[in-house]
Undergrad: 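This is the structure, below, for whatever I ask next.
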Amino acid sequence: MVPRLLVRGVTAGAVILGAEALYAVLQPGPKQTEFDPSGVFGDPNDPPWRMAVLGDSSVTAPGVTGPDEIWVRIIAQRAAEKRHVTLHSHAVSGSRADDLLRAQMAPAIAFHPDMFLVSVGANDVIHGVNLRVFERRLDELVA
């Protein structure tokens with residue numbers, strides 16, 4: 001009798017967890033405001049420094065209260081203590097490494113930056129991109 005009760009309990013628990021997982025996958029997440037961290041920082045008399053950012057929502061930062069909380073903008077503001085920084089973000093939420101190559105790289109290069117910052121990968125994982133393919137795309141970005 002105990003084994004049958006145990007099997008029923010485990011089965012019920014598995015069904016409940018499966019239903020919760022299905023609900024989490026099918027239920028759209030809440031829409032959150034995203035931000036563009038682009039800006040100009042520092043004293044115009046300081047040496048110029050141009051930063052281009054390519055990436056995904058790790059750059060557009062849904063969930064923060066404003067663009068000054070985005071990590072890349074904080075870096076630009078700190079760099080602006082000694083330079084006149086122009087930060088231009090090409091990031092788009094949901095992007096994968098392939099999207100950076102196809103849509104973000106050319107405009108970033110045309111900006112003629114002194115530095116590129118790249119933040120991508122979570123969406124590649126979510127969409128099941130093979131690790132070797134992801135690595136190859138990152139190599140292409142760096143090249």
Side-chain angles (χ1 to χ4, degrees), residues 3 5-143:
L5 185 59
L6 181 62
V7 169
R8 287 181 181 170
V10 169
T11 302
V15 168
I16 291 169
L17 286 175
E20 286 289 329
L22 188 59
Y23 177 78
V25 168
L26 296 177
Q27 179 69 18
K31 182 66 179 154
Q32 296 179 321
T33 302
E34 297 187 30
F35 300 95
D36 180 357
S38 300
V40 179
F41 311 93
D43 185 341
N45 296 316
D46 285 341
W49 187 257
R50 297 165 66 88
M51 299 169 65
V53 184
L54 294 82
D56 54 21
S57 61
S58 63
V59 176
T60 62
V64 302
T65 58
D68 286 332
E69 293 183 2
I70 301 173
W71 66 272
V72 70
R73 192 169 173 122
I74 293 168
I75 290 171
Q77 289 169 338
R78 289 186 182 160
E81 293 172 5
K82 297 183 180 182
R83 295 181 173 96
H84 184 244
V85 176
T86 302
L87 171 66
H88 195 266
S89 175
H90 302 273
V92 176
S93 182
S95 292
R96 293 182 250 175
D98 187 53
D99 298 316
L100 273 62
L101 286 165
R102 286 185 295 103
Q104 296 181 29
M105 181 58 84
I109 290 172
F111 176 62
H112 300 289
D114 298 294
M115 175 193 302
F116 288 91
L117 297 172
V118 177
S119 182
V120 69
N123 296 304
D124 293 272
V125 171
I126 290 169
H127 292 280
V129 174
N130 179 283
L131 181 59
R132 287 191 179 117
V133 171
F134 177 71
E135 288 174 341
R136 192 169 48 248
R137 289 175 180 158
L138 286 182
D139 286 344
E140 289 177 51
L141 279 167
V142 172

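Only a predicted model underlies this, so the values are computations on that prediction, with no experimental measurement involved.
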Undergrad: Look up atom OG in S93 and atom CG in N123, then write down how far apart they are to the nearest 0.5 Å.
TA: 7.0 Å
Undergrad: Locate the shortest heavy-atom distance separating P37 from V59; write the atom from each residue and the value.
TA: CG-CG1, 3.8 Å
Undergrad: Identify the two heavy atoms, one from R137 and one from A97, that lie closest to each other, and give their separation to 0.1 Å.
TA: CB-CB, 3.8 Å
Undergrad: Between V125 and F134, is a side chain to side chain contact (heavy atoms under 4.5 Å, CB included) present by the stated rule, with each step listed?
TA: CA-CA 9 Å; V125 171; F134 177 71; over 6 Å; no
Undergrad: Does anything in residues 55-67 pair up under side chain to side chain donor-acceptor pair (under 3.5 Å), and if so which pairs, sequence neighbours excluded?
TA: E34-T60, D56-S58, S58-S119, T65-E69
Undergrad: Working to the nearest 0.5 Å, report the span between CG of D36 and CD1 of I70.
TA: 7.5 Å
Undergrad: Please examine the side chains of D124 and V133, heavy atoms only from C-beta on, and report whether any two atoms are closer than 4.5 Å.
TA: no
Undergrad: State whether the number of non-hydrogen atoms from other residues, nucleotides or ligands found under 6.0 Å of R102 atom CZ is greater than 12.
TA: yes
Undergrad: Taking the side chain as everything from C-beta on, heavy atoms only, tell me whether V142 gets closer than 4.5 Å to F116.
TA: no
Undergrad: Which pair of non-hydrogen atoms, one from V64 and one from F35, has the smallest distance, and what is that distance?
TA: O-CE1, 3.3 Å
Undergrad: Of all the heavy-atom pairs spanning A108 and A52, show the shortest one and how long it is.
TA: CB-CB, 4.1 Å
Undergrad: Locate the shortest heavy-atom distance separating S95 from Q104; write the atom from each residue and the value.
TA: OG-NE2, 3.1 Å
Undergrad: Treating D114 as the side-chain partner and R50 as the backbone partner, does any N or O pair qualify as donor plus acceptor under 3.5 Å?
TA: yes
Undergrad: M105 pairs by side chain to side chain contact (heavy atoms under 4.5 Å, CB included) with which of L54, D99, L100?
TA: L54
Undergrad: Using a 3.5 Å distance criterion without hydrogens, assess whether the side chain of T86 forms a donor-acceptor pair with backbone atoms of V40.
TA: no
Undergrad: M51 and I75: which non-hydrogen atoms are nearest, and at how many Å?
TA: CE-CG2, 4.0 Å
Undergrad: Roughly how far apart are I74 CD1 and F41 CZ, rounded to 0.5 Å?
TA: 10.5 Å
Undergrad: Are D68 and R73 close enough for a salt bridge, meaning some N to O gap below 4.0 Å?
TA: yes
Undergrad: Quick one: CZ on R136 to CZ on R132, what's the gap to the nearest 0.5 Å?
TA: 9.5 Å
